[in-house]
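Here the structure comes first, spelled out in structure tokens, and everything after it is commentary.
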Amino acid sequence: MASATGIPQRTPIDPEDGGEQDLEPLLGHPGDVSQRDQAPIAKNLIIGTGVIAEAAALLLVASVWAPVFMNPLMLFSVHPLAQSAGLLVLVQSILVLQPTHTGAQKQVGAKVHAGLNFLAFSLFLVGVVSIEVNKFKSNGPHFHSVHGYLGVIASIWILVQYFVGFTMYGLPQLYGGEANAKKIWKYHRVSGYVLLLFFLATVISATQTDYNLNVLGLKLWAITLISVLLVIGVYPRIKKHKLGL
């Protein structure tokens, strides 16, 4: 909506939600990165700094997929392809939910968020299974690198994250009812944002593996820069109110 001056007005505050607090991001003014009324939820992906996150996520996938397909494909190739695609989808699941602030928006956003997370989980699972099968077939050592250790921790962490997220939404009775389940949401969000940082650290550590050094040739500085851009794109959009700040 535009004012008489032609300057876009910020999103009106929903009195049933957290008011202006619920619209204030970590960086910026209330409403700057909030979903507009009647706006398609897909637009949430590029609101504010979201466009930076999208560009960085796509650049990461391109940086990984290009050298994989420029080399002979093998079972091991599935791992970087699936994991990078999973991270791309995971970023979408975060970006699509962040700008929601009304009850109706949050309901739709939660469903899309859950669906995207299920797809991301499926991709991550394919990536993990492919690397494990490859190691068993080649009698390769497990926990051969820092990347391997970080990958195991990330896998366990995201399983717990998914379990809590899906049960909070679909089975709130496990937490003593919907009211109690809602009290856990902010911890679920904090865990998710920290987990994303951990995923990025895991991706960066992959540049030091034998497969990358001998085959792919991804540069540490390049993947680090892309990760920094992802952080710049995602974290300023965090709503203070949703984290209890």
Side-chain angles (χ1 to χ4, degrees), residues 25-26 41 44-45 50 53-54 56-57 60-61 79-100 105-132 143 146-206 227 230-231 233-245:
L26 284 180
I41 195 168
N44 289 358
L45 300 174
E54 286 288 3
L60 177 62
V61 170
H79 180 70
L81 294 174
Q83 301 304 82
S84 58
L87 185 58
L88 172 64
V89 176
L90 184 66
V91 170
Q92 309 310 305
S93 76
I94 296 172
L95 295 177
V96 78
L97 188 59
Q98 283 181 318
T100 62
Q105 290 174 0
K106 289 177 180 178
Q107 286 184 357
V108 174
K111 292 178 181 179
V112 177
H113 178 76
L116 289 172
N117 269 286
F118 182 77
L119 176 57
F121 172 75
S122 301
L123 290 167
F124 287 141
L125 183 61
V126 169
V128 170
V129 170
S130 68
I131 193 68
E132 289 303 312
F143 305 109
V146 172
H147 177 69
Y149 284 101
L150 295 181
V152 170
I153 296 172
S155 298
I156 296 173
W157 190 342
I158 200 169
L159 278 174
V160 174
Q161 184 77 1
Y162 282 153
F163 175 80
V164 174
F166 283 115
T167 54
M168 278 194 311
Y169 182 77
L171 297 170
Q173 58 268 31
L174 292 179
Y175 303 91
E178 187 174 346
N180 286 335
K182 285 184 177 181
K183 294 178 182 178
I184 305 175
W185 284 356
K186 65 179 179 181
Y187 302 109
H188 175 71
R189 294 183 184 112
V190 170
S191 175
Y193 284 123
V194 177
L195 177 57
L196 178 59
L197 292 175
F198 195 86
F199 266 120
L200 294 178
T202 305
V203 173
I204 291 172
S205 70
S227 298
L230 260 173
V231 170
V234 172
Y235 289 82
R237 303 187 352 150
I238 295 175
K239 300 292 182 63
K240 295 179 180 180
H241 180 73
K242 291 184 178 182
L243 297 184
L245 301 176

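When side chains are defined from C-beta on, Val164 counts as touching Tyr175, because their heavy atoms get closer than 4.5 Å. With contacts defined as side-chain heavy-atom distances shorter than 4.5 Å, the pair Leu81/Leu123 does not qualify. Residues Ile238 and Arg189 are not in side-chain contact: their nearest non-hydrogen atoms beyond the backbone lie 4.5 Å or more apart. Between Ile158 and Phe199 there is a side-chain heavy-atom pair separated by less than 4.5 Å. For the pair Leu88/Gln92, a side-chain contact is recorded, criterion being any heavy-atom separation below 4.5 Å from C-beta on. Using a 4.5 Å heavy-atom threshold, the side chains of Met168 and Lys182 count as separate. When side chains are defined from C-beta on, Gln98 does not count as touching Asn44, because their heavy atoms never get closer than 4.5 Å. Contact of the Thr202 side chain with the Phe198 side chain is registered, since non-hydrogen atoms from C-beta on lie closer than 4.5 Å.
Of all non-hydrogen atoms in Leu230 and Ala53, the two that sit nearest each other are CD2-O, 3.5 Å. What you find for Ala110 and Tyr169 is that their closest heavy atoms are CB-CE1, 3.8 Å. Residues Val61 and Ser84 come closest through the heavy atom pair CG2-O, 3.6 Å. What you find for Ile131 and His79 is that their closest heavy atoms are CB-ND1, 3.8 Å. For the residue pair Ala181 and Pro172, the shortest heavy atom distance occurs at CB-CB, 3.9 Å. The minimum heavy-atom distance linking Val128 with Ser155 is given by the pair CG2-OG, 4.0 Å.
Checking Tyr149 against Ser205 by side-chain atom types alone, no donor-acceptor pair falls below 3.5 Å.
Around atom CD of Glu178, no more than 12 heavy atoms belonging to other residues, nucleotides or ligands sit under 6.0 Å away.
For Phe166 and Phe121, the ring centers are positioned 6.0 Å apart or more.
Although no hydrogens or angles enter the test, the distance criterion places no donor-acceptor pair under 3.5 Å between the side chain of Ser191 and the main chain of His188. Ser122 places a side-chain N or O within 3.5 Å of a backbone atom of Phe118 that can act as its donor or acceptor partner. Put simply, the side chain of Tyr162 gets close to the backbone of Asn117: a donor and an acceptor are under 3.5 Å apart. Side-chain atoms of Tyr193 do not come within 3.5 Å of backbone N or O of Val234 as any donor-acceptor pair.
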Check your understanding: Yes or no on side chain to side chain contact (heavy atoms under 4.5 Å, CB included) for Leu97 and Lys106, after CA distance, side-chain angles and deciding distance?
Key -> CA-CA 7 Å; Leu97 188 59; Lys106 289 177 180 178; 5.7 Å; no
Check your understanding: Between Val231 and Leu196, does a side chain to side chain contact (heavy atoms under 4.5 Å, CB included) hold up when you go through it step by step?
Key -> CA-CA 9 Å; Val231 170; Leu196 178 59; over 6 Å; no
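Annotation: the span from Leu95 atom CG to Arg237 atom CZ amounts to 4.5 Å, rounded to 0.5 Å. Atom CD1 in Ile41 sits 11.0 Å away from atom NZ in Lys111 (nearest 0.5 Å).
By the side-chain hydrogen bond (donor to acceptor under 3.5 Å, both in side chains) test, Gln173 is found to be paired with no residue, residues two or more places apart in sequence or in another chain being considered.
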